[in-house]
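Have a look at the structure below, then the notes.
It should be emphasised that the depicted structure is a prediction, and the values quoted were computed from it without experimental measurement.
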Amino acid sequence: MTAIDEVMPMLDAVLAGRDAPAALDAWCREDVAVELSGLAIHLRASSSTTARYTRSLFTPGSSLWNAHDEAISSTATMRTIALPTNRVNALAERVRLRAAGVPRHVKMHAQAPARWHRTAAGPVLVTDTSAAIAPQVVARHADGYTVITVDDTDAAMNAARHLREIGYRRAENNGWVCLHASAATIDGRGILFVGNSGAGKSSLALAVAAADDGAYLSNDRTMIAISPDAAPRAIAMPGPIRLNGGTLSALGLSHASRWNLARPKPASGSDWQSFQGSNKLHILPEEWRERTGTPLLSSATVELIVFPEVIYGNHKIDSCSTPDGRARRFLAAQCMSPGDDIYVCDWLSIRHRKTVEQTANSAAVLDALARRPAMDLRFGTDTPYRNVTAAIKDRLDALSRT
């Protein structure tokens, strides 16, 4: 009998409520401790890939999320076991057959519909067969979760993503607001790059971070909080840097296609090598630091907001100050709290703030951000990044003189 054959009846017993989740500990020998806004979770994984990815995802640590190798006093446990797809599907079907009542529909993210089922063991989530992700089963217990996922490299990262989801919602409970923005610093001065997908946020953040006295903070999602008599504070949302081949080439990193990364590269026949390719390379910030030498930061105060617009096939550059009213509208359009367009649903029911309270808090944060200096920056895909970075540094220097 194989190890998988041995663990299957035990998993079924846990999902049916006949065994306690601790019965799975013999198969979960990889350990990581994660702190999420004051909640300490002990991750126990059957896969070393899951453990490594979790450590990397939460590096560098911050006051919102941090990972440790050493043991800490935890208040919850997440056990995760990776299995072949057919075994995950078999367990999912048994959950559906045993469930009582009408399942509750949720979305783990925009392309991942799922349903919570009521079972004797408690609520168990199963991804829909139409979901654009590998099948998963997530059981919620009084002291944590059991995550059953597919044993390929990408799907084995799901436990780390679920931990990030918990941290995201706990941060919102504590007054943090998520922006669709990337961030970097120059000489410790934080710069937010805010805009739609394809506006150039990631490219500019990485270009600025590579400059003298620069450092990288975040890609695509940035958490913001305010306090009296202080500039708004930014903390990175843990996640990969997503870049296509055209951007990597413009950054002087064409060889990145040969990097060995935690997440597999897009298929060779995909469009990821173009500037507007929908498939992209996924690079964790820690992987970026190791391969480029770019310093990483976990937080910074917001000194400047940049609204970029990249023009394809152009080499010009143009910048101007953003009027206050327009800056506020641009910021509101990219505010992801409480209505995130990717992580659309608080599917683990972590958030306790009412929507009206979250909306009011987000408005206060946006008002504070709108009072910060802001600039519109138009540049072309043929514009050297050193020129774009110089324009941003000139704006920061001008602010220092006023």
Side-chain angles (χ1 to χ4, degrees), residues 21 24-25 27-82 108-109 136 138 141 143-149 153-174 176 178 183 215-223 225 233-242 260-263 282-291 294-300 343 348 350:
L24 302 172
D25 286 349
W27 279 267
C28 300
R29 295 171 180 166
E30 299 283 338
D31 294 278
V32 181
V34 180
E35 292 181 276
L36 303 167
S37 296
L39 175 67
I41 297 182
H42 181 193
L43 175 66
R44 306 198 65 167
S46 68
S47 163
S48 59
T49 301
T50 298
R52 287 197 306 270
Y53 187 83
T54 300
R55 294 185 189 100
S56 297
L57 184 68
F58 294 104
T59 299
S62 71
S63 59
L64 295 184
W65 20 64
N66 205 354
H68 308 268
D69 282 326
E70 66 273 13
I72 60 174
S73 179
S74 59
T75 52
T77 301
M78 180 179 286
R79 296 172 178 89
T80 176
I81 291 184
M108 301 170 77
H109 62 72
Q136 286 184 69
V138 180
H141 314 294
D143 64 343
Y145 305 88
T146 297
V147 177
I148 304 166
T149 188
T153 304
D154 188 39
M157 302 168 186
N158 284 322
R161 297 180 181 123
H162 301 345
L163 288 166
R164 179 182 60 192
E165 171 70 16
I166 294 170
Y168 184 6
R169 305 311 176 182
R170 287 180 62 83
E172 288 183 323
N173 287 339
N174 293 331
W176 290 83
C178 182
Y216 173 82
L217 183 65
S218 63
N219 175 69
D220 200 58
R221 291 290 191 279
T222 305
M223 305 299 292
R233 185 182 174 208
I235 286 184
M237 168 82 82
I241 303 164
R242 300 177 66 248
N260 184 26
L261 303 170
R263 181 163 175 169
H282 288 230
I283 310 169
L284 289 170
E286 181 66 7
E287 293 174 324
W288 187 264
R289 182 196 64 78
E290 291 172 350
R291 288 158 178 79
T294 302
L296 303 179
L297 289 179
S298 60
S299 66
Y343 310 110
L348 286 172
I350 304 298

Task: Result of checking Leu36, Leu163, Thr59 against Trp65 for side chain to side chain contact (heavy atoms under 4.5 Å, CB included) - done: Leu36

Open item on the list: Tyr343 and side chain to side chain donor-acceptor pair (under 3.5 Å): which single residue from His109, Arg221, Arg164 fits?
Closed with: Arg164

Task: Min side-chain heavy-atom separation Phe58-His68 under 4.5 Å - done: no

Open item on the list: Quick one, Leu261 and His282 - any side-chain contact, counting heavy atoms below 4.5 Å?
Closed with: no

Task: Pairing of Arg161 and Glu165 as salt bridge, 4.0 angstrom limit - done: no

Open item on the list: In the structure I gave you, are the side-chain heavy atoms of Gln136 and Asn158 within less than 4.5 Å of one another anywhere?
Closed with: yes

Task: Any donor-acceptor pair under 3.5 Å from Asn219 side chain to Pro240 backbone - done: yes

Task: Main-chain N/O of Gly144 paired to Thr77 side chain as donor or acceptor, under 3.5 Å - done: no

Open item on the list: Could you report the tightest heavy-atom contact between Leu43 and Ala159, atom names first, then the distance?
Closed with: CD1-CB, 4.1 Å

Task: Check: Ser56/Arg52 side-chain N/O donor and acceptor closer than 3.5 Å - done: no

Open item on the list: I'd like to know if the side chain of Arg170 and the backbone of Ile166 have a donor-acceptor N/O pair within less than 3.5 Å.
Closed with: no

- [ ] Could you go through the side-chain contact (heavy atoms from CB on, under 4.5 Å) check for Asp220 and Arg242 one step at a time?
- [x] CA-CA 9 Å; Asp220 200 58; Arg242 300 177 66 248; over 6 Å; no

